[in-house]
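Ligands are counted one by one from 1 in listed order, and the atoms in each one are counted from 1 as well. Residues: numbered from 1 along the sequence shown.
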Amino acid sequence: MSEVVKSFAAHSESSPLAAWEFERRDLQPNDVAIEIRYCGVCHSDLHTARNHWGRTQYPLVPGHEIVGVVKAIGREVSKHAVGDWVAVGCLVDSCQTCGSCHDGEEQYCEQGSTGTYGSLDRYGQPTQGGYSSAIVVTEHFVLKMPETLDPAGAAPLLCAGITSYSPLNYHKVGPGVRVGVIGLGGLGHMALKFAVAMGAEVTQFTTSENKKAEAERLGAHHVVLSTDRTQMKAHFGQLDLIVDTVPVPHELKDYLLCLKRNGNLVLTGPIGLQNPPLNNGLLMMGRKSVSGSAIGGIEETQQMLDFCAKNGVTCDVEMISMDYINEAYDRLEQNDVHYRFVIDMATL
Ligand code: NAP
Ligand code: ZN
């Protein structure tokens with residue numbers, strides 16, 4: 001049976017998020033119904049709620065860093081049982097037949113994957129995210145939460161975690177590799193922790209002088225204040241891979257100069273047109289490349305959760321109550337979070 005759930009939703013780009021009730025779909029044979037216990041607050045939630053990308057349909061319930069407990073399963077579900085701790089990230093469905101889905105990279109589904117919020121599900125209903133009391137998700141897209149991980153600290157792994165893990169994993173980061181991370185926020189602090197746990201030598205770039213000691217505490221071998229050109233110049237020609245997590249347009253030139261021959265700069269923030277424009281001479285000299293990366297597939301996300309359990313990696317979180325969300329968005333926009341807000345959904 002369908003269920004009416006409580007949530008916090010955005011009703012327009014300028015109004016604060018507010019309490020709202022809506023119906024989740026009926027439990028289908030392959031569906032898992034989850035009682036949501038924790039939900040992380042991603043910068044993408046803010047971009048979407050405030051319509052920064054110009055395509056938000058309201059009302060919209062954000063939230064794609066979901067951890068909870070299974071409360072019901074459809075008759076064909078075999079992977080999960082009632083009472084299990086599980087997780088849901090940014091994806092809730094995909095075609096399951098194209099080459100990308102076949103390769104376990106559902107985030108690059110050739111038919112377009114279904115986002116946890118802001119998409120239409122296969123029944124034509126708008127998907128709504130994790131700032132809600134419960135969610136219904138087809139079982140393939142439900143992850144198993146390792147028992148040893150603190151569920152609140154693990155919630156941001158479902159987006160910030162996998163988005164930073166995937167490019168490091170793809171580029172085979174390990175001992176002997178020199179990695180740079182730009183921005184010490186939700187994604188950035190996880191990229192730093194993962195690269196350190198993988199054995200790399202890590203340089204953290206930050207615009208915030210006051211985050212230097214924090215970056216060192218989190219394991220950075222070098223910390224560079226990116227607004228200081230002298231500090232930047234000292235790192236030119238040093239790095240194999242840089243993961244850029246900055247959410248706004250910014251100049252890439254000095255970061256490309258920090259790469260070694262064959263180095264790669266991976267953009268994870270959807271910053272759109274380069275401003276100022278990128279001079280391709282910076283790429284030619286040293287056969288460098290700029291690439292992008294979006295979250296990760298379901299198999300890789302499970303691998304990342306298991307990596308975290310094995311290596312004791314979780315996110316540094318600030319727990320908040322649901323009614324603090326609008327203040328949390330303002331603080332996120334002002335770069336004032338260390339390093340992820342997580343909503344205790346018992347407060348909804
Ligand atoms: P966040 O927590 O706000 O962190 C962003 C960090 O970037 C800040 O902590 C800050 O670090 C730095 N920064 C902020 N404003 C800046 C500016 N004007 N100039 C230079 N640096 C600035 O955001 P997040 O949740 O990590 O998300 C980062 C971006 O990734 C967002 O745009 C989000 O939508 C996107 N995202 C993409 C994917 C994907 O699949 N590719 C997934 C999730 C999120 P310092 O203070 O250290 O400079
Ligand atoms: Zn996200």
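Of the charged side-chain nitrogens involved, none lies within less than 4.0 Å of a carboxylate oxygen, so that Glu209 and Lys211 do not count as a salt-bridged pair. Ion pairing of Arg50 with Asp330 is present here, as a side-chain N (NZ or NE/NH1/NH2) and a carboxylate O approach within less than 4.0 Å. For the pair Arg25 and Glu3, the salt-bridge criterion is not met [side-chain N within less than 4.0 Å of a carboxylate O].
Leu259 and Leu265 get closest at one heavy-atom pair: CD1-N, 3.9 Å.
For ligand 1, the polar-atom distance check against Trp53 finds no nitrogen or oxygen pair separated by under 3.5 Å. For a threshold of 3.5 Å applied to N or O pairs, the pair formed by Cys42 and ligand 1 contains no separation below that value. For ligand 1, the polar-atom distance check against Tyr339 finds no nitrogen or oxygen pair separated by under 3.5 Å.
Contacts of Thr207 with ligand 1, taken as heavy-atom pairs under 4.0 Å, involve both backbone and side chain. At a heavy-atom cutoff of 4.0 Å, ligand 1 is contacted by no atom of Gln107, backbone or side chain. At a heavy-atom cutoff of 4.0 Å, ligand 1 is contacted by the backbone of Ser293 but not by its side chain.
Close to ligand 1: Pro270, with a non-hydrogen atom less than 4.0 angstrom away. Taking a 4.0 Å cut-off on heavy atoms, Arg340 registers as neighbouring ligand 1. Judged by the shortest distance from any of its heavy atoms, His250 lies outside the 4.0 Å radius around the atoms of ligand 1.
Protein atoms of type N/O/S that fall under 2.8 Å from the Zn ion (ligand 2) number 3 in this view.
Ring-plane geometry between Phe22 and Trp20 is classed as parallel, the angle between the planes falling under 30 degrees on a 0 to 90 degree scale with a further cut at 60.
Centroid-to-centroid, the aromatic rings of Tyr131 and Phe8 stay 6.0 Å apart or farther.
The NE2 atom of His235 lies 12.0 Å from the CG atom of Asp254; values are rounded to the nearest 0.5 Å.
Between His222 and the choices Glu201, Arg178, Gln238, the side-chain hydrogen bond (donor to acceptor under 3.5 Å, both in side chains) rule is met once, by Glu201.
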